[in-house]
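What follows is a set of notes on a single structure, which appears directly below.
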Amino acid sequence: IPVFEKNGYVSKLDFYVYQCVFEYLDEQKKAGKPLVPISVNVSRLHHDPAHFVNNFVSKFSEYSLDPSLVELEIVERFAGMSNERLVRMTELLRQAGFKVNMDDFGSGESSLNMLSEIPVDVIKFDQRFLRQAENSKDSMIILTQMVSMVRELCKTSVCEGVETKEQVEILKRIKCDLAQGYFYSKPLMVDDFTAYVASHI
């Protein structure tokens, strides 16, 4: 990905992935199989929000899918490049009916202002929050209060990097909305993912 970011091909990679996801969901829908939302990443080099969103919505509209089935993930270091641009992109995507997630929050130069300035639907906490909270009372207080703040802002909280039952219990105790990590599943090939969804719905 860093190579594609340097040579400008990362945008093409993004839209190739989007098309693969749309096609997969469309096939599952036509086959009458259960559907779950799939998140896709937005690379940092989409400098024109309106152009990106128009292209994304145009490609999505080729399929008879509900926008609730696709969520877009941005990363906080993207926000650091231009908060104004990111706010505009997020607003346009949400107007089109898509959820927007902020991924890896806390992995870079985070600002709490981002939680109120950028109108995302979901805040995904970097796995280091949970790792540190397991071994530090102060870190546990910070994670607990962050989850509480996200809830007060009417956003969904997700903690990444969950690998053990003990970590799941911590997140339940502090009322984190969702958990993501190897405790539930490692990355899966398409057929395995389809079988996993079918067996858990």
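These numbers come from a predicted model, not from an experiment. We number each residue from 1, following the sequence as shown.
Both I123 and L153 are assigned to one and the same hydrophobic cluster, defined by single-linkage of ILVMFWY side chains at heavy-atom distances under 4.5 Å. Cluster annotation: V190 is connected to Y63 through the hydrophobic network of ILVMFWY side chains, with a link wherever side-chain heavy atoms come within less than 4.5 Å.
Of all heavy-atom pairs spanning G161 and R131, the tightest one is O-NH1, 2.8 Å. The heavy-atom pair separating P34 from A198 by the smallest distance is CG-CA, 4.1 Å. For the residue pair S157 and V147, the shortest heavy atom distance occurs at OG-CG1, 3.9 Å. Across L86 and I74, no two heavy atoms sit closer than the pair CD2-CD1, 3.5 Å. Residues P67 and A96 come closest through the heavy atom pair CG-O, 3.8 Å. L35 approaches I201 most closely through the heavy-atom pair O-CD1, 4.4 Å.
Between the NZ atom in K155 and the CG atom in L115 there is a gap of 7.5 Å [rounded to 0.5 Å]. Atom CD1 of I174 sits about 12.0 Å away from atom CD1 of I141, to the nearest 0.5 Å. Atom CG of residue L72 and atom CG of residue N101 lie 8.0 Å apart, to the nearest 0.5 angstrom. We find the CG-CD distance between L93 and E71 to be 12.0 Å, quoted to the nearest 0.5 Å. Separation of atoms CG (L171) and CG (L143) is listed at 7.0 Å; rounding is to 0.5 Å. Taking CD of Q180 as the reference point, atom OG of S39 lies at 7.5 Å (rounded to 0.5 Å).
At least one side-chain heavy atom of V150 sits less than 4.5 Å from a side-chain heavy atom of F125. Between V53 and F98 the shortest side-chain heavy-atom distance does not fall below 4.5 Å. In this structure the side chain of V40 never reaches within 4.5 angstrom of the side chain of E73, judged on heavy atoms. Between S64 and K29, the closest side-chain pair of non-hydrogen atoms falls below 4.5 Å. Residues D121 and T156 have side chains not in contact (no heavy-atom distance under 4.5 Å, counting atoms from C-beta outward). Residues D104 and K124 fail the side-chain proximity criterion, which asks for heavy atoms closer than 4.5 Å. Contact of the Y196 side chain with the L188 side chain is registered, since non-hydrogen atoms from C-beta on lie closer than 4.5 Å. Looking at I170 and E134, their side chains come closer than 4.5 Å, going by heavy atoms from C-beta outward.
Relative orientation of the F22 and F60 rings is perpendicular, given thresholds of 30° and 60° on the angle between their planes.
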*asked:* Y24 vs I38, test: side chain to side chain contact (heavy atoms under 4.5 Å, CB included). Steps then yes/no.
replied: CA-CA 10 Å; Y24 170 78; I38 296 179; 3.9 Å; yes
*Take F183 and K165 through the side chain to side chain contact (heavy atoms under 4.5 Å, CB included) test and state the conclusion after the steps.*
CA-CA 7 Å; F183 178 78; K165 178 64 174 177; 4.1 Å; yes
*Please walk me through it: do E166 and E169 pass side chain to side chain contact (heavy atoms under 4.5 Å, CB included)?*
CA-CA 5 Å; E166 290 73 22; E169 293 305 317; 5.7 Å; no
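The only member of D177, V168, L130 that meets side chain to side chain contact (heavy atoms under 4.5 Å, CB included) when paired with C159 is L130. For the side chain to side chain contact (heavy atoms under 4.5 Å, CB included) with Y18, the qualifying choice from V42, N55, L13, N41 is V42, the only one to do so.
L178 forms part of a hydrophobic cluster together with V122, V158, judged by ILVMFWY side-chain heavy-atom separations under 4.5 Å.
Around CZ of F15, the count of heavy atoms belonging to other residues, nucleotides or ligands within 6.0 Å exceeds 12. Within a 6.0 Å radius of NE2 in H200, other residues, nucleotides and ligands contribute more than 12 heavy atoms.
For the residue pair S68 and D66, a side-chain donor N or O sits within less than 3.5 Å of a side-chain acceptor on the partner. A side-chain N or O of Q19 and one of E23 form a donor-acceptor pair less than 3.5 Å apart.
For the pair S148 (side chain) and T144 (backbone), a donor-acceptor distance under 3.5 Å is absent. No donor-acceptor pair closer than 3.5 Å links the side chain of R94 to the backbone N or O of V100.
Listed by chain and number, the residues in a ring pair (Phe, Tyr, Trp, His ring centres under 6.0 Å) with Y184 amount to none (sequence neighbours excluded).
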